[in-house]
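Just so it is clear: chains get the letters A, B, ... in the order the sequence lines come, proteins before strands, and each one is counted from 1. Just so it is clear, the values below take in all heavy atoms, side chains as well, and ignore hydrogens, waters and symmetry mates.
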Number of protein chains: 2
Amino acid sequence: MEDIQTIRVLAVDDHEMTTLGYKFILEDYSFNGYRIHMDTAKSFEEAETKIRQSVTGLPYHIFLLDIQLSSGREGPVKSGEDLGILAREICPDARVVFMSSFSDNYRINSIMQSVDPDGYMVKTEIDEESLRAMVETVLHNPPYYTQKALMAIRKKMANRIELDDNDKRILYHLSIGTKTKDMVNHISLSLPSIENRKRHIKSLFGIEKQNDQALISEARNRGFI
Amino acid sequence: MEDIQTIRVLAVDDHEMTTLGYKFILEDYSFNGYRIHMDTAKSFEEAETKIRQSVTGLPYHIFLLDIQLSSGREGPVKSGEDLGILAREICPDARVVFMSSFSDNYRINSIMQSVDPDGYMVKTEIDEESLRAMVETVLHNPPYYTQKALMAIRKKMANRIELDDNDKRILYHLSIGTKTKDMVNHISLSLPSIENRKRHIKSLFGIEKQNDQALISEARNRGFI
DNA sequence: AGAAAAACCATATAAACTTTATGGTTTTTC
DNA sequence: GAAAAACCATAAAGTTTATATGGTTTTTCT
């Protein structure tokens with residue numbers, strides 16, 4: 001980010017108060033060598049429009065994206081994650097930062113893979129100081145993760161067990177209460193295979209001969225769900 | 001870490017100046033509610049002795065470990081990584097922090113899996129302020145990673161390709177210049193298998209029909225080495 | 001430039017692992 | 001305590017991975 005005078009930020013959150021908070025804090029602060037101009041959007045569609053317009057107009061340097069966006073219209077529900085993917089496509093040079101209420105492993109892992117954001121802030125950890133530190137870091141030396149995000153990331157990194165997509169799907173369905181016998185409708189494996197894999201994962205987790213409750217809690221412990 | 005008055009730290013580095021630096025900075029600073037007492041060790045053996053003695057005496061709360069330790073005697077070369085594993089075994093409640101010259105992905109990934117340290121500092125990024133911040137964070141809200149460590153971690157997290165241990169070993173040996181035909185001495189696979197795996201990894205990386213140089217650089221890009 | 005080494009490729013066979021079908025036992029659930 | 005679901009075991013089929021072998025291409029060194 002060369003010697004730009006004004007850093008243009010687009011903050012997207014369906015709670016207007018939130019983006020307003022960001023705006024007041026960041027526009028008022030005098031950063032070293034630049035100042036912030038903040039735009040806001042309240043929905044996926046509004047944000048998409050502004051992002052697309054920015055290509056021919058003034059470009060954004062930073063996107064602050066909430067993950068939960070109320071779906072403005074019918075059709076497939078679009079999340080902040082999709083918005084992040086879109087932003088990466090359209091403005092590959094801009095920084096993408098997630099501002100999320102979630103600090104669960106599954107969400108963070110998924111976003112780290114699909115978007116690889118330059119920052120991830122858990123909302124309960126956001127204050128004036130961390131907001132400013134995030135902007136500085138993200139511009140000059142990304143990434144910036146708040147502590148709770150770091151804890152999820154650490155859990156994932158410390159994990160030496162590798163599960164393939166089918167294993168992860170099984171764990172996910174277990175966690176949302178899908179019955180094993182019904183998983184054949186969601187996963188292209190036979191029932192004995194699924195049973196086998198569950199047994200295998202349990203042994204990887206060191207909880208042989210225990211029930212599914214133990215499997216779920218261990219998977220959660222290890223950051224898979 | 002309840003209401004302890006003195007936090008006992010053991011710093012291990014074969015450069016005495018380094019541990020002395022830590023000692024002066026941390027013992028002089030007045031933390032909120034505690035002060036630091038620093039012990040130092042210059043070799044694996046000396047550190048091991050002090051760790052084992054601490055069990056029956058005054059326990060350590062934090063270990064600051066260099067990864068490169070000159071091997072004091074013959075026998076298998078022990079690294080700071082081994083020391084970390086040992087510390088975890090003997091003092092499971094203590095914090096383990098690596099102070100490393102390395103910021104390469106392979107080293108960091110390996111340590112994140114084998115020790116899962118509460119902190120990782122790249123030496124070029126250590127100064128008085130970061131040292132103090134590390135102590136505070138590691139005691140109250142681990143983990144603490146410096147920016148370069150974070151960058152390696154981010155790369156790894158963003159990666160969706162999963163390689164098994166043999167694949168990683170092949171990449172590692174490639175990176176240190178081991179000839180493919182000699183890898184059979186380090187990896188329990190036949191030569192054709194190794195060739196096959198290399199081809200397979202290249203296709204995963206999207207660099208089919210290219211040479212080993214391309215493979216190494218792509219593996220480095222993706223955070224495997 | 002040319003010989004030697006290493007890398008690379010292709011094929012066939014062997015070995016290891018996964019999936020599946022089937023039929024049974026144990027545990028949960030209501 | 002009956003029904004449902006989970007769990008287990010075995011054998012056969014299918015798939016993947018490893019290996020042996022022998023060849024071609026590329027790199028390296030002089």
A:Lys123 with A:Asp66: basic N within carboxylate O range, under 4.0 Å
yes
NE2 of A:His200 versus P of C:dT18: gap in Å, rounded?
6 Å
Check the distance between C:dT19's P and A:Ile187's CD1 and give it to me in whole angstrom.
12 Å
Take atom CD1 of B:Ile201 and atom P of D:dT17, then tell me their distance rounded to the nearest Å.
12 Å
Would one find more than 12 heavy atoms of other residues, nucleotides or ligands at under 6.0 Å from atom CZ of B:Phe205?
yes
Side-chain atoms of B:Leu189 come closest, of C:dA6, C:dT20, D:dA18, to D:dA18
Qualifying residue, where the test is side-chain contact (heavy atoms from CB on, under 4.5 Å) with A:Ile85 and the options are A:Val115, A:Ile90, A:Val96:
A:Val115
Choose from D:dC8, D:dT19, D:dA6 the nucleotide whose nearest atom is closest to any side-chain atom of A:Glu195.
D:dC8
In whole Å, I'd like the distance from the NZ atom of B:Lys202 to the P atom of C:dA7.
10 Å
Nearest-angstrom distance from the residue atom CE of B:Met183 to C1' of C:dA6
12 Å
Using Watson-Crick or G-U wobble geometry with both distances below 3.5 Å, tell me the partner of C:dT26, or none.
D:dA5
May I have the distance from A:Ile194 (atom CD1) to D:dA5 (atom P), rounded to whole angstrom?
14 Å
A:Thr180 near the nucleic acid: base, sugar-phosphate alone, or nothing, with a heavy-atom cut-off under 4.0 Å?
sugar-phosphate
What nucleic acid atoms does A:Leu191 come within less than 4.0 Å of, heavy atoms only: base, sugar-phosphate, or nothing?
nothing
If you only use heavy atoms from C-beta on, which nucleotide in D:dT21, C:dT20, D:dC7 is closest to the side chain of A:Pro192?
C:dT20
More 5' along DNA chain C: B:Asp182 or A:Asp164, using each one's nearest nucleotide?
B:Asp182
Among D:dA6, D:dA18, C:dT19, which nucleotide sits nearest the side chain of A:Ser190?
C:dT19
To the nearest Å, how far apart are A:His173 NE2 and D:dA6 P?
13 Å
Short N-O contact, A:Asp212 and A:Lys179, less than 4.0 angstrom
no
Euclidean distance, atom CD of residue A:Gln210 to atom C1' of C:dT27 [Å, nearest integer]:
15 Å
Reckon B:Asn196 touches a base, only the sugar-phosphate, or nothing at all at heavy-atom distances under 4.0 Å?
base
How long is the gap from OG1 on B:Thr178 to CZ on B:Arg169, to the nearest 0.5 Å?
13.0 Å
For A:Arg199, report the nucleic acid contact type (base, sugar-phosphate, nothing); a contact means any heavy atom under 4.0 Å.
base
Are B:Lys198 and C:dC8 close enough that a side-chain N or O sits under 4.0 Å from OP1 or OP2?
yes
Side-chain N or O of B:Lys181 closer than 4.0 Å to phosphate OP1/OP2 of C:dC8:
no
